[in-house]
Amino acid sequence: MLPFSLFEVWIKLQNNSNTHGIILEPGKVLTNHHVCRGGISSIQGFQQFREVKSDRRLDVCVLSVPGIGIGLKPYLIGDFKKPTIGETV
């Protein structure tokens, strides 16, 4: 079985618009590179965060957000070694 989690978080930008990201693991959020460059004011209410890695070409950015996702548990989505036709991916 493959452990997998996809927990969406809301990101508030400095221009008062909103976007989203996903929790990769406790303390780490994935969003778009252009979001990181647009000026983030908070992530799901968390005020402290920092950019860990960003790639303009791929338009991805990983942020460190201490405390976010603590206690979330991954869930199993199937056996990646034995995929079947019609299986949700």
Do [X] and [Y] make a side-chain contact, defined as non-hydrogen atoms from C-beta onward lying under 4.5 Å apart?
{"X": "K53", "Y": "C61", "value": "no"}
{"X": "F7", "Y": "I22", "value": "no"}
{"X": "V60", "Y": "H33", "value": "no"}
{"X": "T31", "Y": "V62", "value": "no"}
{"X": "I40", "Y": "V35", "value": "yes"}

Exercise. Do other residues, nucleotides or ligands put more than 12 heavy atoms under 6.0 Å from R37 CZ?
Worked result: yes

Exercise. Under 6.0 Å from the CD atom of Q48, do we count more than 12 heavy atoms belonging to anything else shown?
Worked result: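 No - once you tally the heavy atoms of other residues, nucleotides and ligands closer than 6.0 Å, there are 12 at most.
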
For the pair [X] (side chain) and [Y] (backbone), establish whether a donor and an acceptor sit closer than 3.5 Å, ignoring hydrogens and angles.
{"X": "S64", "Y": "V52", "answer": "no"}
{"X": "N32", "Y": "H34", "answer": "no"}
{"X": "Q44", "Y": "W10", "answer": "yes"}

Exercise. If Ile, Leu, Val, Met, Phe, Trp and Tyr residues are connected whenever their side-chain heavy atoms lie under 4.5 Å apart, and connections chain through other members, are V29 and L72 in the same group?
Worked result: yes

For this session: State plainly whether one hydrophobic cluster holds both I23 and I70, where clusters connect Ile, Leu, Val, Met, Phe, Trp and Tyr through side-chain heavy atoms under 4.5 angstrom apart.
Result: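 I23 does not cluster with I70.
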
Which heavy atom of [X] sits nearest to which heavy atom of [Y], and what is that distance?
{"X": "D55", "Y": "L58", "value": "OD1-N, 2.9 Å"}
{"X": "G69", "Y": "P26", "value": "O-CG, 3.8 Å"}
{"X": "V65", "Y": "F46", "value": "CG1-CB, 3.7 Å"}

How many angstroms lie between [atom1] in [X] and [atom2] in [Y], if you round to the nearest 0.5 Å?
{"X": "I43", "Y": "H20", "atom1": "CD1", "atom2": "NE2", "value": "13.0 Å"}
{"X": "T19", "Y": "I11", "atom1": "OG1", "atom2": "CD1", "value": "6.0 Å"}
{"X": "E51", "Y": "C36", "atom1": "CD", "atom2": "SG", "value": "5.0 Å"}

